[in-house]
Amino acid sequence: MDDVAKMLGAAPIFAGLSDRHLKSLAKSSKVLSFPPDTRIVKQGEPGIAMYVILSGSAEVRQGPKVLSRLNAGQFFGEMTLVDGLPRSADVVAVGSAQCAVLNRWEFWGIARAEPEILESIMREMARRLRDANKALTE
Ligand code: CMP
């Protein structure tokens, strides 16, 4: 398997995928490198892709407020793919970051073929909501 397929397989969201699916996912996703401090997605803008962090980290921000920090193996940009609304926050590279970028059609294609992906995304979205609720009451 090539490196991108291996890195995608290490991300929890794709952990259950067969080698064949990982290879086809690697083929249909684009790998982009972002220099430190790049705003990868911008709050309020429309979007057609989600991102899986292959290396480095990213911060989720709303204005000056940091909502979360995401590391290699985690994903972002899924909310816009699910509800079609504008980006809910900025996501900014902390140091250099490399991401696999999946567009809406690639994402839904693979999610329909492999519904466990949706299960992992829902699990992670529930975890983020719990964290956000906790932060509200702290
Ligand atoms: P999206 O709205 O498409 O673009 C911004 C992304 O930031 C969003 O998808 C999520 O992936 C991520 N995000 C938004 N809010 C939070 C949060 N509270 N915790 C972690 N990630 C978030």
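Atoms considered below: every heavy atom in the structure, side chains included; atoms not considered: hydrogens, waters and symmetry mates. Counting starts at 1 for both ligands and their atoms, in listed order. As the structure is a computational prediction, the values presented were derived from the model and not from experiment.
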Determine, for F75 and R128, whether the Lys NZ or Arg CZ falls below 6.0 Å from the six-membered ring centre while staying within 45 degrees of the axis.
-> yes
Using a 4.5 Å cut-off on heavy atoms from C-beta on, say whether the side chain of S29 contacts that of L8.
-> yes
Would you find a donor on one side and an acceptor on the other, under 3.5 Å apart, between the side chain of E124 and the backbone of I121?
-> no
CA sep, side-chain torsions, deciding dist, call: W105, L81, side chain to side chain contact (heavy atoms under 4.5 Å, CB included) | CA-CA 9 Å; W105 305 278; L81 292 200; over 6 Å; no
The one among G77, A135, A132 that brings a heavy atom closest to atom 6 (C) of ligand 1 | G77
min-distance protein heavy atom vs atom 14 (C) of ligand 1 -> S88 OG, 3.5 Å
Which heavy atom of the protein is the closest neighbour of atom 22 (C) of ligand 1, given with residue, atom name and distance?
-> V60 CG1, 3.6 Å
May I ask whether G47 places a heavy atom under 4.0 Å from ligand 1?
-> no
Where does S68 meet ligand 1, judged by heavy-atom distances below 4.0 Å: at the side chain, the backbone, both, or neither?
-> side chain
Applying side-chain contact (heavy atoms from CB on, under 4.5 Å) to E119 and not counting sequence neighbours gives R123
The closest protein heavy-atom partner of atom 4 (O) of ligand 1 is R87 CD, 3.4 Å
Atom indices of ligand 1 within 4.0 angstrom of F76 heavy atoms, with elements = 11 (O)
Do R87 side-chain atoms and M79 backbone N/O form a donor-acceptor pair below 3.5 Å?
-> no
Quick one: nearest non-hydrogen protein atom to atom 11 (O) of ligand 1, plus distance?
-> E78 OE1, 2.6 Å
Distance-only N or O hit between ligand 1 and V91, under 3.5 Å | no
Specify the protein heavy atom at minimum distance from atom 5 (C) of ligand 1: its residue, its atom name, and the distance to 0.1 Å.
-> A89 O, 3.5 Å
Protein heavy atom at shortest distance from atom 17 (C) of ligand 1 | L67 CB, 4.3 Å
Q62 side-chain N/O to S88 backbone N/O, donor-acceptor pair under 3.5 Å | yes
Name the option, out of R69, M79, R61, that contains the heavy atom nearest to atom 1 (P) of ligand 1.
-> M79
salt_bridge(R127, D131) N-O dist < 4.0 Å | yes
